[in-house]
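Okay, so here's the structure we're looking at.
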Amino acid sequence: MKKIDFGRDFVNQHLNLFRCPVCKSPFAEIAGYSLVCPNQHSFDLSKKGTLFFLTKQANNEYDKAMLQARHKILQAGLFDPIVNEISRHLSDGPETILDVGCGEGTPLARLLKLRSGDDTAIGFDISKDGINLATQQPVDAFFCIADLARLPFNNQTFSTIIDLFSPSAYDEFNRVAQSGGKLIKIIPNSNYLHELREALFGSGQKNSSYSNDKVFDLFMKHYPNATINQLTYQFSIPDGMQQDMMIMTPLHWGKDRQANATQLVDAMKSITVDVSVMVAEF
């Protein structure tokens, strides 16, 4: 089946999930390959089977090189233990899953492969390049370009919202989540990729330390009854992927690199993944 036909069939079967980001009306119909709301706002499916829901230009810091490097590293398994931990928090029955800031789609694809195959899953991102990569994932998930602050989804439609290293819009999450549903947010801790930081900037330098306390505190302010699990493990970097490991993160933009940073990165054999898995119920 062509990707555009898959996209049309998915949206047609799950029309109840979507609402117009312009007027906030539930979509009324699929007309050919266009999603049309009652006020005649129309969104066309691309050849890759995606929908572009942005109503204004969005700033996206992830370029093609970063996304491609990220794809290679995630395909090599960098986030597999995180995906396994996310799966542990899902029910045994069918879920309706929203992946916030899904990027190139590997975590969502790996998650769905762990499941029974009965889930309905949507991933979105502001990056068109990321979504185009995501459509190459061998899973029956739907991907779209959308604004976190203006989600093109109806109220109380998702049983699980996954936010892996992405910004959050908690009012929107609360709106689109089903009662009794879950928000699973993953944030990096201070030791996340610390070897890479030290290779680039040296120990004790400004860019070699990291804190996500503000993100953590804001989440807990919204969901004071959330559970927090720390997950820490070592990832063996495949030979030849050391530079991909660097390019996939915003760290390679940092100023004041050490003169021998490239050589130090190339010598890295493993790296620390240190995250908090934060689970809240709606």
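- Residues Met278 and Ile186 are not in side-chain contact: their nearest non-hydrogen atoms beyond the backbone lie 4.5 Å or more apart.
- A donor and an acceptor atom, one from each side chain of Asn191 and Thr272, are nowhere located under 3.5 Å apart.
- Environment of CG in Asp217: crowded, with over 12 heavy atoms of neighbouring residues, nucleotides or ligands closer than 6.0 Å.
- Side-chain contact annotation: Asp213 with Ser211, donor-acceptor N/O pair under 3.5 Å present.
- Applying the ring-ring contact (aromatic ring centres under 6.0 Å, His included) rule to Phe43 yields the partners Phe27, Phe53; only residues at least two apart in sequence or on another chain are considered.
- Less than 6.0 angstrom separates the ring centroid of Phe165 from the ring centroid of Tyr192.
- Applying the salt bridge (Lys or Arg N to Asp or Glu O under 4.0 Å) rule to Arg8 yields the partners Asp5; only residues at least two apart in sequence or on another chain are considered.
- Applying the side chain to side chain donor-acceptor pair (under 3.5 Å) test to every pair with at least one member in residues 141-157, sequence neighbours left out, gives these pairs: Asn155-Arg175.
- For residues 106-144, every residue pair satisfying the ring-ring contact (aromatic ring centres under 6.0 Å, His included) rule, not counting sequence neighbours, is listed here: Phe10-Phe142, Phe18-Phe142.
- Partner Thr160 forms a side-chain hydrogen bond (donor to acceptor under 3.5 Å, both in side chains) with one of Glu95, Lys182, His89 and no other, that one being Glu95.
- The side-chain hydrogen bond (donor to acceptor under 3.5 Å, both in side chains) check on Asp80 picks up Arg110, with sequence neighbours excluded.
- Asp266 and Gln243 share a side-chain donor-acceptor pair at under 3.5 Å.
- Lys185 pairs in a side-chain contact (heavy atoms from CB on, under 4.5 Å) with only one of the listed residues (Val100, Val215, Ile162), which is Val215.
- Between the side chains of Gln230 and Asp274, at least one donor N or O lies within less than 3.5 Å of an accepting N or O.
- Of the listed residues (Asn212, Asn189, Asn229), just one forms a side-chain contact (heavy atoms from CB on, under 4.5 Å) with Ser276, and that residue is Asn189.
- Annotation: ring-ring contact (aromatic ring centres under 6.0 Å, His included) contacts of His222 (sequence neighbours excluded): Tyr170.
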